[in-house]
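In listed order, ligands and their atoms are each counted from 1.
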Amino acid sequence: MTKEQIDRVVEGYDKKDIRIGTICSHSALQIFHGARQEGFKTIGICTKDRVQTYKAFPWAMPDEFMVVDKFSDILQEEKQEFLRERNTVIVPHGSFVQYVGANNIEESFNVPLFGNRMTLGWENDRKKQRKWIEGAGIKMPKEYPDASKVDSRVFVKFSGARGGRGFFSAGSKEDLERKLAERVASGIIDSNDAKNAAIQEFVPGVRYYFQYFYSPFEEPIGQLEKGRVELLGIDKRIETIDEAYRGLPEVPQEFFDYTVTGNQPVVIRESLLPDVMDMGVKVVARSKELFAPGMQGAFCLETVYHPDRGFTVFEVSARIVAGSNLYTQGSPYSSMIFNEPMSTGRRIAREMRSGMASGELEEIIY
Ligand code: AMP
């Protein structure tokens, strides 16, 4: 979908009755809750079995459900029409991309999205992601083209948003090959996944996940020519491997699992904040060069910090992340920007309000 096609849809919308919609998964409760706080009506795209769950949180329940058999049904023309008739702007999140597919969204989903639709393709492609982040002057883990080049401890991952399932670390080329074969044999991955696995340098240190928001409407604070980068929160993902110490001294194999199951709030040593803000600004600045107008709205840098090496970014999420679900009432950082409860979901709705008030909604929607 071209920007012009989406602009035409927005032109036809009743600007006094814009609704915020998303797929009922991931961070949808927070998105609906925030939209309601900013006075928007909401639409939840939901499978039948989940409706009860979303009704269980009255302040975050969507005003209207669009019930589907499966989430990818929203690609059907009649479903898209339903959303356009209701002046819907969709807020994309991780599960939205996973269930509908970045390519399908780019090519055949003719409903406006909050943010810049082009970023979805940039976060989904490992090579493009590296071009973006390293091009911004930020360190990423070294990547090995294939197992034969491995000369240090490595971390192996598979593509697609699978939440860390099947990922592992290996100490040598032989160890790597053995573990890959084991995973294929037990059906955790298929041979294609094994062939396309990303083999990265294992980065030791503490993980921090920074939740940022970029708004083109706010006054710059001397970093960017236009707009402001806000730090809305920090979290750390909870993975089974974090509890491996409980199995000491002989850690059972089941502890070596990186599947994300939850999130913990964290704050970071204040003297590291300049680096944190600097990374957010550089990522936005580089995005503007690569895919103008670049990053809009929420994004996350997933990092490892070590006192000797500083920050290494191993992943960027160019949309709202589930770790922000911690902060429906705001975070220690967002409180100092807004002085009122400001979740990422609410921040998105607030940004839409700003765009509507100044007649610049098109700038933050594609
Ligand atoms: P990801 O899907 O890239 O977010 O990675 C899932 C998890 O794998 C992270 O939360 C980390 O625990 C771990 N991880 C990813 N990349 C690396 C790396 N290069 N070195 C060490 N651990 C990593």
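- Close approach to Glu302 involves these atoms of ligand 1, each under 4.0 Å from a residue heavy atom: 4 (O).
- Under a cut-off of 6.0 angstrom, the local environment of NZ in Lys15 is crowded, with over 12 non-hydrogen atoms contributed by other residues, nucleotides or ligands.
- Remark: ligand 1 atoms within the under-4.0 Å shell around heavy atoms of Arg237 are 4 (O).
- An N or O contact shorter than 3.5 Å links Val203 to ligand 1 by distance.
- Contact atoms of ligand 1 toward Pro141: 19 (N) (distance under 4.0 Å to a heavy atom of the residue).
- In the model, Asn325 has a side-chain atom that pairs as donor or acceptor with a side-chain atom of Gln30 under 3.5 Å.
- Using cut-offs of 30° and 60° for the angle between ring planes, the Tyr305 and Phe311 rings count as tilted.
- Residues Asp235 and Gln211 bring a donor and an acceptor atom of their side chains to less than 3.5 Å of each other.
- Atoms of ligand 1 found under 4.0 Å from any heavy atom of Glu201, numbered from 1 in the order shown, are 18 (C), 19 (N), 20 (N).
- Under a 4.0 Å N-O distance rule, the pair Arg286/Glu134 does not qualify as a salt bridge.
- Only side-chain heavy atoms of Tyr258 come within less than 4.0 Å of ligand 1; its backbone N, CA, C and O stay farther off.
- Judged purely by distance below 3.5 Å, without hydrogens or angles, the side chains of His93 and Thr22 pair a donor atom with an acceptor atom.
- Annotation for ligand 1: atoms under 4.0 Å from non-hydrogen atoms of Tyr209 are 9 (C), 10 (O).
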